[in-house]
Amino acid sequence: MRVLVTGGAGFIGSHVVDVLTAGGHEPVVLDTLLPAAHPQAPDLPDAEFVRGDVRDASVVRHVLRGVDAVCHQAAMVGLGKDFADAPEYVGCNDLGTAVLLAAMAEAGVHRLVQAGSMVVYGEGRYACPEHGVVRPGPRAVADLEAGRFEPCCPDCGAALLPGLVGEDAPVDPRNVYATTKLAQEHLAAAWARAVGGRAVSLRYHNVYGPGMPRDTPYAGVASFFRSALARGEAPRVFEDGAQRRDFVHVRDVARANVAVLTGLDTVGEGAHTAYNVGSGAPHTVGEMAAALAAAHGGPAPLVTGEFRLGDVRHITADSSRLRRDLGWCPAVGFDEGMSEFARAGQRASAGVG
């Protein structure tokens, strides 16, 4: 199968290219090498490579020739620096996706797997002892400043028990990045209906592993901690470190993409499906920082009480649908993955080198 991988020189995309190649497929990489992700020339994947922007329709039409399916990884990620980033996020993520889908419709390419994100859910799943499953509203600045980090029941104020979020949970994007990722899903669904295509959005949870970028406001928390340890500094853990996340290894995420690409016939024509991609073994941010520090041999994490208003408290995945439908399951455990990541190389990022 000949597969166009947008963003295929990036962190996750490059691992997808590796898995495709190992499986006997023919990846074609399109990447504009944005400076925020690639301030230095990266090691290019061992595949046909075209440097170009997914927002450039002429380039996209060119690379779609002879392609059987598209794996759309190109995007700006993370929370960024502030709301001034909003136009660039919308341009890269939503306009880029629209241009790609329009070109796919023109070229008759009707198979799409795209990178989604768990951030579309907002806060995770919570249960109140009295009121059952509830959805707390956005956390208040006054509560965060006072160190009250846990959401409370909106009906009675009781403490809530966090649980796993399934794909059918209501969506509630709470920052610009999350909003663009949800818009990408809606665009994919509209495209599938219009052209009779098959589309899947993979809602990644907290992806980590070799090749993560370092020292950038667009990287994930695992990258921040790993970068600090590389400098001989203690990882700085926001809030109280008890935020629950699902840390999933990048090789497992790449395998999930290929499993879906080769199993797209399970998705009906004209349909769009979302799948969570997580390890199924939640850990707190503090646990992750401690595991990385121990494996690296660096200083113990420092819990700061700081917070970012766009962050959510707990978000962990129920990935059973992907396991059931396509037989995918994660192969890299938490301890093994963190031990490897603590010693793995990272990509240079803006301002480095």
Side-chain angles (χ1 to χ4, degrees), residues 78-79 116-179 181-182 185 201-208 220-222 224-225 235-248 274-291 301-323 330 334 338:
L79 288 180
S117 175
M118 54 83 181
V119 295
V120 301
Y121 297 117
E123 283 285 352
R125 184 181 189 276
Y126 295 89
C128 170
E130 181 177 350
H131 296 100
V133 175
V134 296
R135 290 188 63 79
R139 296 186 293 172
V141 172
D143 286 338
L144 297 171
E145 289 177 340
R148 295 187 294 268
F149 302 120
E150 293 289 346
C152 297
C153 176
D155 297 320
C156 67
L160 299 175
L161 180 67
L164 300 181
V165 180
E167 291 90 346
D168 296 328
V171 291
D172 184 18
R174 296 190 176 185
N175 56 59
V176 171
Y177 171 62
T179 301
K181 296 309 289 182
L182 183 57
E185 292 196 14
S201 296
L202 295 178
R203 292 174 177 170
Y204 302 158
H205 281 249
N206 289 70
V207 186
Y208 73 97
V221 65
F224 288 137
F225 294 165
R236 294 176 62 84
V237 179
F238 280 16
E239 301 186 16
D240 58 0
Q243 310 95 303
R244 287 164 54 89
R245 297 290 188 268
D246 188 321
F247 299 100
V248 58
Y275 287 111
N276 287 330
V277 183
S279 72
H283 290 270
T284 68
V285 172
E287 288 171 344
M288 187 268 285
L302 174 65
V303 179
T304 68
E306 298 171 89
F307 63 88
R308 297 192 303 178
L309 189 59
D311 283 340
V312 298
R313 179 61 174 175
H314 303 296
I315 177 69
T316 54
D318 178 356
S319 300
S320 59
R321 178 183 289 180
L322 182 56
R323 298 181 188 221
F334 179 80
M338 290 298 165

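- Phe149 approaches Leu144 most closely through the heavy-atom pair CE2-O, 3.5 Å.
- Legend: residues meeting salt bridge (charged side-chain N to carboxylate O under 4.0 Å, His left out) with Glu306, ordered by chain and number and at least two apart, are Arg236.
- Contacts of Phe334 classified as ring-ring contact (aromatic ring centres under 6.0 Å, His included), with partners at least two apart in sequence or in another chain: His283.
- Results of the side chain to side chain contact (heavy atoms under 4.5 Å, CB included) test with Asn276 over Met118, Arg321, Arg203 single out Arg203 as the only residue that passes.
- Salt-bridge check for Asp240 with Arg313: passed, with a basic side-chain N closer than 4.0 Å to an acidic carboxylate O.
- To the nearest 0.5 Å, the span separating NE2 on His314 from OH on Tyr126 amounts to 5.0 Å.
- Not counting sequence neighbours, the partners of Asp143 by the side chain to side chain contact (heavy atoms under 4.5 Å, CB included) test are Ala140, Arg148.
- Atom OG of residue Ser201 and atom CD of residue Glu185 lie 4.0 Å apart, to the nearest 0.5 angstrom.
- Across all non-hydrogen atoms, the minimal contact from Val171 to Leu182 is CG2-CD2, 3.8 Å.
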### Task
May I have the step-by-step check of side chain to side chain contact (heavy atoms under 4.5 Å, CB included) for Leu309 and Arg174, ending in yes or no?
CA-CA 9 Å; Leu309 189 59; Arg174 296 190 176 185; over 6 Å; no
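- Ion pairing between a basic and an acidic side chain is recognised when a charged N comes within 4.0 Å of a carboxylate O; Glu123 and Arg135 show no such pairing.
- Of all non-hydrogen atoms in Thr179 and Pro173, the two that sit nearest each other are N-CB, 3.7 Å.
- A 4.5 Å side-chain heavy-atom check between Asp155 and Cys128 finds every atom pair outside the cut-off.
- Closest approach of Pro136 and Leu160 over heavy atoms only: CG-CD1, 4.2 Å.
- Across all their heavy atoms, Pro330 and Gly278 have their closest contact at CG-O, 4.2 Å.
- Interatomic distance, OG of Ser279 versus NE2 of His205, reported as 9.5 Å (0.5 Å rounding).
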### Task
I would like to know whether Thr316 and Asp246 meet side chain to side chain donor-acceptor pair (under 3.5 Å); could you show each step before the answer?
CA-CA 5 Å; Thr316 54; Asp246 188 321; over 6 Å; no
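- With values rounded to the nearest 0.5 angstrom, Ile315 atom CD1 is found 7.0 Å from Tyr121 atom OH.
- The two residues Val133 and Arg125 come nearest to each other via the heavy atoms CG2-NH2, 3.1 Å.
- Contact check for Val285 versus Phe238: no side-chain heavy atoms found under the 4.5 Å cut-off.
- In this structure, the side chains of Gln243 and Val221 stay at 4.5 Å or more apart for every pair of heavy atoms.
- Distance CZ/Arg244 to CG/Asn206: 12.5 Å, rounded to 0.5 Å.
- Here the CD-OG1 distance, from Glu239 to Thr284, works out to 12.0 Å after rounding to the nearest 0.5 Å.
- Side-chain atoms of Arg139 never come within 3.5 Å of backbone atoms of Pro151 as a donor-acceptor pair (strictly under, hydrogens ignored).
- Phe247 places a side-chain heavy atom less than 4.5 Å from the side chain of Met338.
- Between Cys156 and His131, the closest side-chain pair of non-hydrogen atoms falls below 4.5 Å.
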